[in-house]
Amino acid sequence: MPRSMRRPRHRVPVSLRRLVPPPAEAVCACGDWGAVGGSLGVRLPADYRALVETYGRGDFCDHLCLHTPFGDARRRPYLLYRDPGGLLVWGTTIDADRLCWETSGDPRHWPIVLWSHDGAYETFGAGAAGFVERWVGGSLGSRLLGSPEPGLAPWFTTARRRLHRCLILSEGPLPHTERLRALRAALAPTTDRSSWRAADGRSGQDHFATADTDWQLTYDMSEPHQIRVAYPPEDAARAEDELMAAARLMRCEVVALTDAGGMPAATWYASTAEDLEPA
């Protein structure tokens with residue numbers, strides 16, 4: 001195997017792997033690191049290379065997006081400023097903040113700069129992997145970057161194409177808590193993502209994921225009462241079977257099936273390339 005394709009000498013810290021289990025298969029994680037360094041004009045830090053090869057392209061806690069230099073160009077590291085010691089972006093957040101290195105001196109010692117979407121910035125110690133670990137562990141101490149939701153185990157969502165479907169449901173005779181319990185039991189094992197409730201308790205959402213199939217789900221209590229699911233397109237038949245069975249366990253009728261934009265969907269399969277969420 002060419003040296004550029006081997007794993008870097010440095011490894012992602014065991015403490016980070018314990019906090020956030022890596023995916024079974026990392027996406028856009030391998031390639032020619034020498035060619036990457038040549039195109040950017042700098043050798044990327046070893047801890048970042050290990051982070052990419054361990055997790056690949058995706059999001060930590062659906063908030064911090066790790067860019068990788070492999071695959072299509074939409075999520076590759078890029079130069080924000082080309083001046084000496086300029087900023088090189090290695091990640092973004094859901095709020096359009098940019099995570100950068102200040103490229104001065106030895107790449108092992110490049111500081112991390114958080115450049116906010118509104119122009120504010122903060123500087124942290126060196127190391128993308130250490131930055132991620134401190135953030136998911138709740139010890140980063142940033143005034144610009146929100147913390148992960150307390151009480152939830154941190155997670156990593158692999159960037160992959162997913163098909164979105166929404167099941168519009170009748171209310172049915174069961175209370176919400178029993179419907180939610182039946183839904184998650186039908187799709188078990190599942191892991192928590194987040195939830196919220198309106199002050200009057202009449203509306204809210206529960207977000208969770210399936211542990212074995214990597215489906216992302218949102219269950220809306222009302223207005224409308226619905227289940228939203230995003231799944232890899234190759235899982236379409238299984239998603240249809242399991243979600244329709246879940247609705248029956250919830251004792252609800254499926255009154256409509258729509259795509260992510262609310263348009264009627266005839267099947268659980270993609271009809272056009274635009275029907276898929278890009279990776």
Side-chain angles (χ1 to χ4, degrees), residues 19-21 58-65 93-97 117 135-140 142-157 162-231 235 238-265 268 277:
L19 267 175
V20 188
D59 305 331
F60 289 91
C61 303
D62 294 340
H63 188 84
L64 193 158
C65 310
T93 74
I94 196 172
D95 298 319
D97 307 316
H117 61 279
W135 182 74
V136 298
S139 63
L140 185 63
S142 170
R143 58 186 172 80
L144 300 177
L145 185 61
S147 300
E149 186 168 338
L152 294 180
W155 68 90
F156 183 82
T157 302
R162 287 185 169 85
L163 184 59
H164 290 254
R165 287 295 179 262
C166 181
L167 291 79
I168 310 298
L169 304 174
S170 64
E171 283 299 320
L174 300 179
H176 171 75
T177 53
E178 292 186 28
R179 294 196 304 256
L180 176 60
R181 187 180 302 114
L183 172 60
R184 295 192 62 162
L187 302 174
T190 64
T191 55
D192 292 330
R193 289 297 180 255
S194 63
S195 63
W196 69 271
R197 295 289 183 271
D200 61 9
R202 295 181 180 179
S203 61
Q205 294 178 330
D206 292 279
H207 306 280
F208 61 96
T210 57
D212 57 347
T213 55
D214 193 26
W215 301 349
Q216 313 297 313
L217 292 108
T218 296
Y219 179 40
D220 291 283
M221 290 177 64
S222 61
E223 299 177 1
H225 179 214
Q226 61 186 7
I227 302 168
R228 288 179 281 159
V229 58
Y231 51 88
D235 288 353
R238 181 175 178 181
E240 179 179 14
D241 289 344
E242 295 194 9
L243 268 296
M244 296 301 287
R248 290 192 293 271
L249 287 175
M250 298 165 72
R251 298 177 65 183
C252 296
E253 297 283 340
V254 178
V255 299
L257 181 68
T258 72
D259 62 18
M263 299 300 293
W268 288 75
E277 176 187 89

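The figures that follow rest on heavy atoms only: side chains count, while hydrogens, waters and symmetry mates do not.
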- Item | Minimum heavy-atom distance between Ser222 and Arg202, given as atom pair plus value | OG-O, 2.8 Å

- Heavy-atom nearest pair, Leu187 first then Thr190, reads O-CG2, 3.6 Å

- Message: Here's a test for you: under side chain to side chain contact (heavy atoms under 4.5 Å, CB included), which of Arg179, Arg251, Glu253 qualifies with Glu171?
- Response: Arg179

- I would like to know whether Trp215 and Glu242 meet side chain to side chain contact (heavy atoms under 4.5 Å, CB included); could you show each step before the answer? CA-CA 12 Å; Trp215 301 349; Glu242 295 194 9; 3.8 Å; yes

- Message: Could you check whether any side-chain heavy atom of Trp155 comes within less than 4.5 Å of a side-chain heavy atom of Thr191, counting everything from C-beta outward?
- Response: no

- Query: Does Arg184 pair with Asp192 as a salt bridge, N-O distance under 4.0 Å?
  - Reply: yes

- Query: Hey, does His63 have a side-chain heavy atom less than 4.5 Å from the side chain of Asp95?
  - Reply: yes

- Query: Do the two ring centres, one from Tyr219 and one from His207, sit under 6.0 Å apart?
  - Reply: no

- Test item: Ser142 side-chain N/O and Leu144 main-chain N/O as donor-acceptor pair under 3.5 Å: yes

- Gap between atom CG of Leu163 and atom CG of Asp259 - 0.5 Å precision: 9.0 Å

- Carefully, step by step, assess Val255 and Leu169 under the rule side chain to side chain contact (heavy atoms under 4.5 Å, CB included). CA-CA 6 Å; Val255 299; Leu169 304 174; over 6 Å; no

- Message: Between Glu240 and Arg165, is there a side-chain heavy-atom distance shorter than 4.5 Å?
- Response: no

- Task: Search all heavy atoms of Ser194 against all heavy atoms of Glu149 and return the closest pair with its distance.
- Result: CB-OE1, 2.9 Å

- Checking salt bridge (Lys or Arg N to Asp or Glu O under 4.0 Å) for the pair Arg193/Asp59: CA distance, chi angles, key distance, verdict? CA-CA 13 Å; Arg193 289 297 180 255; Asp59 305 331; over 6 Å; no

- Task: Would you mind reporting whether Thr93 and His117 have side-chain heavy atoms less than 4.5 Å apart?
- Result: no

- Item | Within-4.5 Å side-chain heavy-atom neighbours: Ile227 and Met250 | yes

- Just wondering, do Leu217 and Leu243 contact through their side chains at under 4.5 Å, heavy atoms? yes

- Item | pair Trp268-Val229: side-chain heavy atoms closer than 4.5 Å | yes

- Item | Minimal non-hydrogen separation, Gly201 against Met221, with atom names | O-CE, 3.5 Å

- Query: Between Gln226, Arg228, Met244, which is the residue that forms a side chain to side chain contact (heavy atoms under 4.5 Å, CB included) with Leu167?
  - Reply: Met244

- With distance as the sole test, does Arg181 use its side chain to make a donor-acceptor pair with the main-chain N or O of His176 at under 3.5 Å? no

- Spacing of Leu145 atom CG and Leu64 atom CG [to the nearest 0.5 Å]: 6.5 Å

- What closest approach, in Å, do Ala246 and Ala186 show between heavy atoms, and which atom pair accounts for it? CB-CB, 3.7 Å

- Indicate the atoms forming the closest heavy-atom contact of Asp220 with Pro224, along with that distance. CB-O, 3.6 Å

